[in-house]
Structures are given as C-alpha cells and as structure tokens.
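Worksheet: one structure, shown below.
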Number of protein chains: 2
Amino acid sequence: MVCQAKDFQQEHKKEMRAVQDSMDVLSGKWKIPIISSLCYYNKRRFSDILNDIEGISNRMLSKELKDLEINKLIKRTILDTQPITVQYELTQHGITLKTIINNLTEWGIEHRKKIIEQ
Amino acid sequence: MVCQAKDFQQEHKKEMRAVQDSMDVLSGKWKIPIISSLCYYNKRRFSDILNDIEGISNRMLSKELKDLEINKLIKRTILDTQPITVQYELTQHGITLKTIINNLTEWGIEHRKKIIEQ
DNA sequence: CAGGATCCTATACGATACTG
DNA sequence: CAGTATCGTATAGGATCCTG
C-alpha cells in the first residue's frame, strides 16, 4: 500500500519534471505563437512571421527564432533571391508540437466563449 | 483562387489569435506546472503544491493561484482543520486542460531523449 | 499552515535607429 | 529583406521576514 503510494509519487514527479522540461523550451511570450505560425503556414519568411504575430518586434522575433533553432525545433534556410530572403520551417522534431498547438488553438476558442458568456 | 487564399489567411489569423488567447492565461513560468500538479494529484494543499514544483517560492505560488482562480481554472476551498489548510482543485473548465498537460508531459519526455542522445 | 508585506534584481521585452 | 546594436523600462520573479 505504502509502496504503491510511493510509486505514484515517483510517477508524478517524473510527469511534473517532463512538463517543466517542455516549458523550458516553450515558455515566454512568443515561442508558441512563432511555432504556430510555422505550423499553420509551413514555410514562412521572416517578415511574414513578423506580420502573423501581432505585437512582436523584429528584435524579439530574431532572438526567439535563434533560440528555437538552437533547440532544433525550426530550420533556417537562406533563399537565393534578390534581395535575400530567409525561410523558416519546423524540423521533424518541431512538427511533433503540432498536437499541442492544435489543442491550444481549440482551447483558446472555447476559453474565449467561456469568458464572453458571463 | 485568390479568394480561397484569402479564406485560408482569415482562418490562420483566427487560429493564431486563439493560440495567443490561450497563452494569455497560461503563460509565465509557473501556471502550467501548477495546473499539472492539480491535474495529476486532483486535490492538493498549498504546501503540497509548493513541494511538487521545484523552485517556486511561496510568493509566486500564492500569486499564480489567485490568477488561476480569477480565470476560473481552479477552485479554492478552506478546510476546517487545525491549523487551517487550504485545498485547491481544477474546476470543470480547468479540467479541459488535461489533454494539453498530457501532451506537454509526453513531449517533454521525448524532447529530453532528443537532447540527451546527441 | 497559508499566505501577505517588503525589498531587491534580473531579464524579458519594447522602441528606435542602423547595416549588408 | 533580414537582421544587429543600443538604450531604456516594466515586470516577473527571488529572498526574507512577518502574521492569524
């Protein structure tokens, strides 16, 4: 009995740590919106993302894109255009976040309804 | 054609806004971990949550719990014990976040593997 | 035990201007 | 176009102490 309770405890600790691991990579005001943009549009240029996300500054977008690239969630490609354009897309690993993005989208819609209805 | 492209554009704008709506409520370092604790343990006292989440201070926990209560995601109950204890649990609305928490947990585990393996 | 009050710091973020 | 550099502010968050 006591032993099983301890097992649950252990299991929950692991789950809690896993969630925090996710949040280490995803927290902040802009990471999720950026990933969402790439999730919905697939390939997207710097200035496009800048327009997709309301309120973000180029400084922040630049910094966050770097972070996400370091964490292997997105891939950066310089296109041979004139002038040069840069394309971003999700990596295979980044794509595994699609489920979460979809859930957040659905939840956001429901949450807005809940807030408005009162 | 052009018209359909515009429709997609519109749809994506909505999705993007929905995601940001979610993040308005959930962003910050501690909200998701707190919800996770209540998600996995169901009913939980203040000091328990304080222990569940590594690194959180009582000041932050107190503040974030208030925020979540205002947003109707959790419910606060004062128990008639000596000394007084306070119990927190997810509301019906808060429970709708379980899917997201579970996904974040799974993703965190996979992400850790990815990071370690290189 | 469950917080509130106070003080303090780091950093996240914004605005603006500039460059290849 | 895709950033970088610089500067400034706000606020998120930590540490500590106090109270019913």
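Letters A, B, ... mirror the listed sequences (proteins, then strands); counts begin at 1. Worth saying up front: this structure is predicted, and the values here are computed from it rather than measured.
- Running 5' to 3' along DNA chain C, contacts with non-hydrogen atoms of chain B at under 4.0 Å begin and end at dC1(C) to dT6(C).
- In this structure, CG of Asp24(B) is placed 15 Å from P of dT11(D), rounded to the nearest angstrom.
- Regarding contacts with the backbone of dA12(D), every side-chain N or O of Lys29(A) stays at 4.0 angstrom or more from both OP1 and OP2.
- Looking at Leu104(B) and Ile100(B), their side chains come closer than 4.5 Å, going by heavy atoms from C-beta outward.
- For residues 66-87 of chain A, no residue pair satisfies the ring pair (Phe, Tyr, Trp, His ring centres under 6.0 Å) rule, not counting sequence neighbours.
- Taking Thr96(B) as the reference, Trp107(A) meet the side chain to side chain donor-acceptor pair (under 3.5 Å) condition, with sequence neighbours excluded.
- Contact check of residues 69-90 of chain A against DNA chain C (heavy atom, cut-off under 4.0 Å) returns no residues at all.
- At a non-hydrogen distance threshold of 4.0 Å, Asn58(B), Arg59(B), Ser62(B) from residues 50-62 of chain B come into contact with DNA chain C.
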Could you pull out every donor-acceptor pair under 3.5 Å between side chains of residues 58-70 of chain A and any protein atom, sequence neighbours left out?
none

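- Annotation for Ile109(A) and Ala18(B): closest pair CG1-CB, 3.7 Å, computed over non-hydrogen atoms.
- For the strand DNA chain C, secondary-structure stems (runs of at least three Watson-Crick or G-U pairs, all distances below 3.5 Å) span C:1-20 with D:1-20.
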Cut-off 3.5 Å, no hydrogens considered: what does the side-chain donor-acceptor table look like for residues 75-84 of chain B, sequence neighbours left out?
unit_1	atom_1	unit_2	atom_2	d
Arg76(B)	NE	Tyr88(B)	OH	3.4
Thr81(B)	OG1	Pro83(B)	O	2.8
Thr81(B)	OG1	Thr85(B)	N	3.1
Thr81(B)	OG1	Thr85(B)	OG1	3.0

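- Looking only at side-chain heavy atoms (C-beta outward), Gln20(B) and Ile53(A) come within less than 4.5 Å of each other.
- Partners of Arg112(A) according to the salt bridge (charged side-chain N to carboxylate O under 4.0 Å, His left out) rule, which considers only residues two or more places apart in sequence or in another chain, are Asp21(B).
- Residues meeting the side chain to side chain donor-acceptor pair (under 3.5 Å) test with Ser37(A), sequence neighbours left out: Asp52(A).
- Taking only side-chain nitrogens and oxygens, Lys66(A) comes nearer than 4.0 Å to OP1 or OP2 of dT4(D).
- In this structure, the CE atom of Met23(B) is 15 Å from the C1' atom of dA12(D), given to the nearest Å.
- Annotation: side chain of Tyr41(A) is in contact with side chain of Gln9(B) (closest heavy-atom distance under 4.5 Å).
- When the C1' atom of dT11(D) is taken as reference, atom CH2 of Trp30(B) falls 16 Å away, rounded to whole Å.
- Evaluation of the salt bridge (charged side-chain N to carboxylate O under 4.0 Å, His left out) rule for Glu110(B) yields Lys113(B) as partners, not counting sequence neighbours.
- Tyr40(A) is linked by a ring pair (Phe, Tyr, Trp, His ring centres under 6.0 Å) to His12(B), counting only residues two or more places apart in sequence or in another chain.
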